[in-house]
Amino acid sequence: MPTYNPKVIEPRWQRFWDEHKTFRTPDDSPKPKLYILDMFPYPSGAGLHVGHPEGYTATDILARYRRMKGWNVLHPMGWDAFGLPAEQYAIQTGTHPRVTTQKNIATFRRQIKMLGFSYDWDREVDTTDPGYFKWTQWIFLELYDTWFDHEAGRGRPIAELPIPADVQAQGAAAVRAYVDGKRLAYQALVPVNWCPELGTVLANEEVIDGKSERGGHPVVRMPLRQWLLRITDYAERLLADLDLVQWPDAIKKMQRDWIGRSEGAEVDFPLAGDNVPSHDRQPTAIEDQRPKIGNHIRVFTTRPDTLFGATYMVLAPEHPLVDRITTPGQRQAVEAYKAETARKSDLERTELAKTKTGVFTGAYALNPVNDEPIPIWIADYVLVSYGTGAIMAVPAHDERDFEFAQEFRLPIRPVVRPPQAWFRTTKVYNVLARMWEDKDQRFDADRLANPGSTVETLSNFELAVVSFASRMSERFGRNSDKIAEQLYEHRVELFECFADEGAAINSGPFDGLATAEFKRQITAWLAEQGRGQRKVNYKLRDWLFSRQRYWGEPFPILHEVDAAGQPTGAVVPLTVAELPLTLPELEDYQPSGKPEPPLGKARDWVEVTRGGKRYLRETNTMPQWAGSCWYYLRYLDPRNDQAFADPARLRRWLPVDLYVGGAEHAVLHLLYARFWHKALYDRGHVPGPEPFLRLVNQGMILGETEYTAFRKANQPLAWVSAGEVDFDGDVAVHKKSGAKLELVKLNEDQIEKKGDSFVLKDQPSLRIDARAYKMSKARGNVINPDDVVEDYGADSLRLYEMFMGPLEATKPWSLSGVEGVYRFLNRVWRLAVDERAERLTLLDSVQDVEPDKETLRLVHRTIQRVTDDLEAMAFNTAISAMMELTNHLTRQTVRPRSALRTLVLLLSPFAPHLAEELWRALGGHAQGGHAQGGQETLAYEPWPAYDPALLKTDTVDIAVQINGKLRGVVTVPADIDAAGLEKLALSDDKIRGQLVGKTVKKVIVVPGKLVNIVVG
RNA sequence: GCGUGGUUAGCUCAUUGGUAGAGCGCUAGGCUCAGGACCUAGAAGUAGUGGGUUCAACUCCCGCACCACGCUCCA
């Protein structure tokens, strides 16, 4: 056993930590608290991936480090175990998802424990455990019981919702509808992303380019009754409170973009003519989700200052007004266009956006600022889901409207005068400049007067500019700025679209106003006239919260039915005492192929009679996000069956001090969790407004770098250089010929670096492709952590994952890198242990002596570097520092025990098994007796401290530059002053020789660093 | 198309505007029957590219190229 054998020591220490509950976290410790959280995994059937241990190792290192620094660290782990794969497996095999899930959890738990993480396993949670989802359901009921008071800016109990008198007057049903329309959890008939393949609807966020995020199945849109969560009510606070957290700027930006706040105005354009039905009915609560219907078209604009430039309007093809306003003559064209749009997937709608399409409805609206009739079109570049689903088009000042107007020859009216700087970048300005110069007489007035001579030398564009400019020059001379301005006002079609801010023109009484001021005034005017109002719009949509699946949390909701079995619309929530509502057992999990949830098959479960009334249970289930929205709260009190967590514990541990996970959750999970947290906060259940104080995203780990050469198919010698190839990782195409090329995978020893690319060793003129790819089964480059642990041990895997590079970076896996850190751990082992001994014995060279000066300095320097690097989460450089110290100590024939003990403590958060073993060999704790785990573990040893006085050296090497070029190095006492340093540098033989015959103009002295002599 | 981050030794990365470094890998020698491991020594750099600021630029500013990630008709 004297050689380093992770297979023996790692399981032994894991058992030790388990049996002694070394990492159990007391809730009542006097030490300062620290909550270090990992994003818990979805336990898939494929087992742990090397990406998981990356973040988990980083947090484990910090947790272990902080414990040694005297903090009471909460570091838990659990399972996000509801979700599609287990259910898909059930459909295929008939195995209950619970069985599959428990099996997968067992695998994940084994794999994670095998890596020696210091979790408090007494706090393990599982989102599929009824004891857990009881409280997921409870939180849903809290949301159901909450409305958002926009005046107060916070959620309040539904009992406090004021009911308007006119609603009250309409009776109980109206009041119920009104209240239900205000709840944070509400039902609506909404167009959903129905995925026939998966048998479920998906959230917008789960649909990418018209396909499901998981599996890439096609998605179609259809209306369905759904549960939604009113996250949009919290948009403002979700945005503002980003200022309260220490997250990467990139993630904050992604959340801001996702919320997509824009300020502007809603403006009503009255419909012109008599093609509008005069009756106007109250929209129902469900219709309230859709654009307003009335005798006007309501639009949202961020540029109300351009209202005078609105020359047409566009409705989304799905806009409810379309059918009502379309004139008989246009109906056929409109219907055809609508059908065409409906056929297109979202992907096609955006990809084919190169040329704008649309159809005139035949109807007109009146511009509210000047009562001018403008045509109403439909076009798919207007989205029904954003704003009001309708726009006013200002082609002069909006790129999309500009393109559309050009396509359909609609009028363009400039209402904003661009600044001079912009004019100077235009083609018009360029023509004007050439016209004044007129080197080649092309713009000569006499020749212009004679049409025959100009046609072939001037383009139509030039001709238009020139003819207008020559008239203008009577008034403005050769002032291009003035003339361009005039041209813009009268011949705007000669310009590109200008979408920025400027001064108002062609806007009646508002002419001359700057954009910002114009916006203020026109918005006030619109409000006064009852034609519009200030409006803040969000890209964020309400959160579609139901899934037509089996393996998810059932909604704790009953729908009342009448004697005929038809729903009355009344909804009754379960009481807390009735929770958890568990899933019924099913015979089969096969989706029906229709959007009816599988739970509907469990009739006994669905049909409920209470108090003489009949009810049906809600058969939708919650999405996977639900359980992960609040798991960090449950860790604080995982077995509590009276509350989701004890308030005192919530106060003690929140917020999470550090949250580490993949950037793929940058928007969805983190936004949803923040939303729930804020709702809970408003209802007084959690102590602060934000759940996660600090967030760090680990980067992705790619497969090993692959080297690929290309050659023409069936021509073994017809190589093609990588520069001439379009290669996406799978298919290579010859740029010139368009021919598909054959790929040849190369080994590292077949290639070499030449310049900034790799070439074939045998044929150095042939460049090859070198890149690393995402790990995937299809590519066959997946690394299994089990294999790495089997071959090198958990400590090597941990250390390597941290040594690969900065935590946040994307980086390729390298087997030789793993071997490198494994050899490093072997060297550390051999620093202390006699490999030839039968039992664990220290080498004779390990002695109780004072370290020499250099060793002592290096030890303290290493403590400083490792400590600073840990604070900065720069694990890779910390490891590098320990390697340097190890290499130094290896060279010593006498190794001071104290130096080794320090190294072992520094290394212990990274490679805890090896460190524990060596710590024990080196004598363990001097006094003995620890609060937790006894004296036999180093887990609570004080972290080494360094003495700044010991970091200093007696002498330093100073660079001497002449005119900024290094010309010599002088060794001087470390504490020399500037004057002394200058004198020493100037008197250095080498430097004196260089200065012969030159005048010293200036000497720059930076004590401790360098001397720069500037000569003439 | 827009935004963010990046480009330093073969690889992965360090480098408060002041002498370009580390680890791994590589090469040679030692040890070994040999290989591996180990020990010793060594080579390896126009800091992507072009400008600017400065006594001095890898570092600050601007342009370009390439890579990664995010957003993408959001009115």
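A note on names: the letters A, B, ... follow the listed sequences, proteins ahead of strands, and every chain is numbered from 1.
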[X] has a side chain; which of [options] sits nearest to it?
X	options	value
A:Y381	B:A75, B:G23, B:C73	B:C73
A:D398	B:U19, B:A75, B:C13	B:A75
A:M254	B:G70, B:C39, B:A75	B:G70
A:V1006	B:G18, B:G23, B:U40	B:G18
A:R827	B:G23, B:C73, B:C71	B:G23
A:T877	B:C71, B:C73, B:C13	B:C13
A:V382	B:A75, B:G23, B:C73	B:A75
A:T810	B:G23, B:A14, B:A68	B:A68

Would you kindly give the [atom1]-to-[atom2] distance between [X] and [N], to the nearest whole Å?
X	N	atom1	atom2	result
A:E884	B:C13	CD	C1'	13 Å
A:H888	B:U40	NE2	C1'	16 Å
A:L825	B:C38	CG	C1'	16 Å
A:I879	B:G21	CD1	P	23 Å
A:L807	B:A14	CG	P	12 Å
A:E664	B:G70	CD	C1'	13 Å
A:R865	B:A14	CZ	P	13 Å
A:R861	B:U15	CZ	P	12 Å

Handout entry: Any donor-acceptor N/O pair under 3.5 Å between B:C13 base and A:K811 side chain
Key =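 Answer no: no donor N or O sits under 3.5 Å from an acceptor.
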Short question: side chain of [X], backbone of [Y] - any donor-acceptor pair under 3.5 Å?
X	Y	result
A:D795	A:L914	yes
A:D542	A:I231	yes
A:T999	A:K1001	no
A:E54	A:E801	no

Handout entry: Intermediate values then yes/no, side chain to side chain contact (heavy atoms under 4.5 Å, CB included), A:I259 and A:L671
Key = CA-CA 9 Å; A:I259 294 167; A:L671 201 63; 4.1 Å; yes
Problem - Nearest-nucleotide 5' precedence on RNA chain B, A:G817 against A:P812 - result: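 Looking at RNA chain B, the more 5' nearest nucleotide goes with A:P812.
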Problem - Residue whose closest nucleotide on RNA chain B lies nearer the 5' end, A:N537 versus A:R830 - result: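 Nearer the 5' end of the strand: A:R830.
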Non-hydrogen side-chain atoms of [X] and [Y] separated by less than 4.5 Å:
X	Y	value
A:R827	A:N887	yes
A:V382	A:H319	no
A:T877	A:R865	no
A:L831	A:L903	yes
A:E982	A:I1013	no

Taking atom [atom1] in both [N] and [M], compute the distance separating them and give it to the nearest angstrom.
N	M	atom1	value
B:G63	B:G70	C1'	24 Å
B:C73	B:C67	C1'	28 Å
B:C69	B:U15	P	25 Å
B:A56	B:A20	P	16 Å
B:U19	B:A34	C1'	45 Å
B:U16	B:C61	P	16 Å
B:C26	B:C64	P	42 Å
B:C60	B:A68	P	24 Å

Practice task
Whenever both distances are under 3.5 Å in a Watson-Crick or G-U wobble pair, mark it; put RNA chain B into dot-bracket that way, with [ ] for crossing pairs and | when the partner is on another strand.
Solution key: (((((((..((((....[..)))).(((((.......))))).....(((((..]....))))))))))))....
Exercise for the section: Decide, yes or no, whether a salt bridge links A:R861 with A:E884 under the criterion of side-chain N to carboxylate O below 4.0 Å. Expected result: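 Looking at A:R861 and A:E884, the cut-off is not met.
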Practice task
Mind running ring pair (Phe, Tyr, Trp, His ring centres under 6.0 Å) on A:F408 and A:Y312 for me, showing each step along the way?
Solution key: CA-CA 11 Å; A:F408 295 100; A:Y312 64 101; 8.9 Å; no
Atom pairs, N/O to N/O, protein against nucleotides 44-47 of chain B, distance under 3.5 Å?
none

Exercise for the section: Classify the ring geometry between A:F518 and A:F308 as parallel (under 30°), tilted (30 to 60°) or perpendicular (over 60°). Expected result: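 Rings of A:F518 and A:F308: tilted, 30 to 60°.
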Would you tabulate the nitrogen or oxygen pairs shorter than 3.5 Å linking the protein to nucleotides 3-8 of chain B?
unit_1, atom_1, unit_2, atom_2, d
B:G3, O2', A:K253, NZ, 3.4

Within the 4.0 Å heavy-atom criterion, would you say [X] contacts the bases, only the backbone, or no part of the nucleic acid?
X	value
A:S262	sugar-phosphate
A:G260	nothing
A:D401	nothing
A:S385	nothing

Could you report the tightest heavy-atom contact between [X] and [Y], atom names first, then the distance?
X	Y	answer
A:P395	A:A405	CB-CB, 3.5 Å
A:P248	A:L695	CD-O, 3.2 Å
A:E501	A:K519	OE2-NZ, 4.3 Å

Practice task
Scan side-chain atoms only and decide if A:S262 and A:Y386 contain a donor-acceptor pair under the 3.5 Å cut-off.
Solution key: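 Judged by distance alone, the side chains do pair up.
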Handout entry: side-chain N/O A:N887 vs B:G23 OP1/OP2, d < 4.0 Å
Key =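 The answer is yes; a side-chain N or O of A:N887 sits under 4.0 Å from OP1 or OP2.
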Problem - Step-by-step side chain to side chain contact (heavy atoms under 4.5 Å, CB included) determination, A:E706 to A:N781 - result: CA-CA 10 Å; A:E706 296 175 26; A:N781 61 350; 4.0 Å; yes
Exercise for the section: Tell me, please, which residues at least two apart from A:Y792 pass ring pair (Phe, Tyr, Trp, His ring centres under 6.0 Å). Expected result: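 Scan of A:Y792 (ring pair (Phe, Tyr, Trp, His ring centres under 6.0 Å), adjacent residues dropped) gives A:Y822.
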Pull out every protein N or O sitting under 3.5 Å from an N or O of nucleotides 53-62 of chain B, one pair per line with the distance.
unit_1, atom_1, unit_2, atom_2, d
B:C55, O2, A:N1012, ND2, 2.4

Handout entry: RNA chain B contacts among residues 300-312 of chain A, heavy-atom distance under 4.0 Å
Key =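 Residues of residues 300-312 of chain A that come under 4.0 Å of RNA chain B are, in numerical order, A:F300, A:T301, A:T302.
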